[in-house]
Amino acid sequence: MKTYRICLLPGDGIGPEITAEAVKVLAVIGERFGANFEFSEALLGGIAIDETGTALPEATLRAAHGADAVLLAAIGGPKWDTTDPDKPRPEQGLLGIRKALDLYANLRPVRIFAALRDASSLKPEYLEGVDMLIVRELTGGLYFGARGREAGVEGAATGGGPGLRAYDTMEYREFEIERIARTAFEAARTRRGRVHSVDKANVLESSRLWREVVHRVHDADYADVELIDQLVDNSAMQIVRNPAQFDVMVTENMFGDILSDEASMLTGSLGMLASASLGDGTALYEPSHGSAPDIAGQGVANPLAMLLSMDLMLRHSFGMHEAADALTSAIEGVLADGWRTRDIADAGTLPQRTVGTSAMGELIIERLG
Ligand code: IPM
Ligand code: MG
């Protein structure tokens with residue numbers, strides 16, 4: 001029997017609750033599909049700050065490097081919110097591990113579950129044919145460019161005196177654009193053969209380089225894939241106007257962050273959006289949602305984005321496609337039977353079918369078993 005080592009990073013807020021469901025479901029999948037999952041657990045985010053003083057302890061990096069895959073739940077919360085640049089923040093842990101594992105490609109599939117059509121904020125007719133994959137560049141751009149603060153800058157204060165200036169820089173190197181473009185084109189070849197490359201080339205220099213490099217890669221190696229340039233403001237509008245036009249969307253880090261939250265509402269809830277962060281070594285899987293501190297500890301969080309991230313892990317890191325298919329259909333089946341966590345419940349949901357986190361996990365397990 002094959003053994004896979006999974007490094008769990010439960011993190012903060014609802015993270016531990018949804019991680020518990022993932023572990024339960026994985027045990028059943030292992031039994032049914034003949035795999036042995038071995039877990040290690042490490043600290044990341046706010047809990048790591050509390051226990052070690054830093055959001056990304058060395059031990060966590062070692063555990064991640066030593067695993068076959070990393071499964072991360074969520075990090076952050078008001079407890080660690082600060083605008084003081086000298087204080088640690090949970091997000092540094094997340095960004096740090098993405099960078100350390102060189103996870104440059106973040107795949108966020110936006111798929112509509114038939115049973116959830118009415119949970120979307122869009123009218124059902126707009127969801128016809130929606131099946132998109134957002135390929136977000138994850139280790140460059142505004143998130144990682146030079147940043148800082150300067151005091152005593154002449155004219156910076158209101159009224160013209162010396163004051164504070166702060167800056168972030170959107171930077172891209174050719175190789176960073178080239179490799180993410182390849183990821184997008186390769187993905188498109190296994191799907192419907194279309195890539196929208198989203199940028200702001202009418203204003204930003206980094207976007208102009210983005211566009212040049214994407215086209216160069218396309219013309220040289222992927223001329224069979226349809227390539228469409230789209231300006232990011234237009235994309236934000238098109239996602240709600242005609243989302244079915246998209247197959248693969250590739251874009252820089254921050255644009256992808258924003259557009260993927262927007263696109264998640266097509267599925268009915270941010271609680272349904274999974275993601276895979278891939279580099280050339282160990283990959284990391286995490287739901288796209290945050291740690292939802294407002295509902296942490298109440299047992300009401302939706303574990304499905306976590307389970308769907310696990311689905312991506314089974315496919316991309318372990319090649320367990322049959323197991324992943326079974327998991328997807330278990331999720332589909334449970335939703336089709338009317339079971340909902342509160343975030344995806346609507347007027348038509350029977351109150352007795354509105355369930356909490358662990359009941360949802362149990363329902364998936366019943367279906368799998
Ligand atoms: C995401 C999140 C993170 C990001 C935050 C928590 C740093 O919003 O994964 O989309 O901005 O990348
Ligand atoms: Mg985000």
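Each ligand, and each atom within it, is numbered from 1 in the order the structure gives. This one's a predicted model, so the numbers in the text were calculated from it and none came from an experiment.
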Q: Got Asp199 and Thr251 here, is their nearest side-chain heavy-atom distance under 4.5 Å?
A: no
Q: Students should find this: residues with any non-hydrogen atom under 4.0 Å from ligand 1. What is the answer?
A: Glu91, Leu94, Arg98, Arg108, Arg136, Tyr143, Asp257
Q: What are the two closest non-hydrogen atoms of Ala64 and Ile97, and how far apart are they?
A: CB-CD1, 4.0 Å
Q: Suppose the cut-off is 2.8 Å; which protein N/O/S atoms would you list for the Mg ion (ligand 2)?
A: Asp257 OD1
Q: Contact between Ile239 and Leu259 at the side-chain level, heavy atoms closer than 4.5 Å - yes or no?
A: yes
Q: Could you label the plane-to-plane angle of the Phe37 and Phe39 rings as parallel, tilted or perpendicular, counting under 30° as parallel and over 60° as perpendicular?
A: tilted
Q: Side-chain contact, heavy-atom cut-off 4.5 Å: Arg147 with Thr169?
A: no
Q: Between His215 and Asp229, does a side chain to side chain donor-acceptor pair (under 3.5 Å) hold up when you go through it step by step?
A: CA-CA 9 Å; His215 278 265; Asp229 297 304; 2.7 Å; yes
Q: Please report the shortest heavy-atom distance between Lys200 and Ser207, naming the atom on each side.
A: N-OG, 2.9 Å
Q: State, yes or no, whether a side-chain contact exists between Ile75 and Glu91 at a heavy-atom distance under 4.5 Å.
A: yes
Q: Where does the angle between the aromatic ring planes of Tyr172 and Trp210 fall among parallel (under 30°), tilted (30 to 60°) and perpendicular (over 60°)?
A: perpendicular
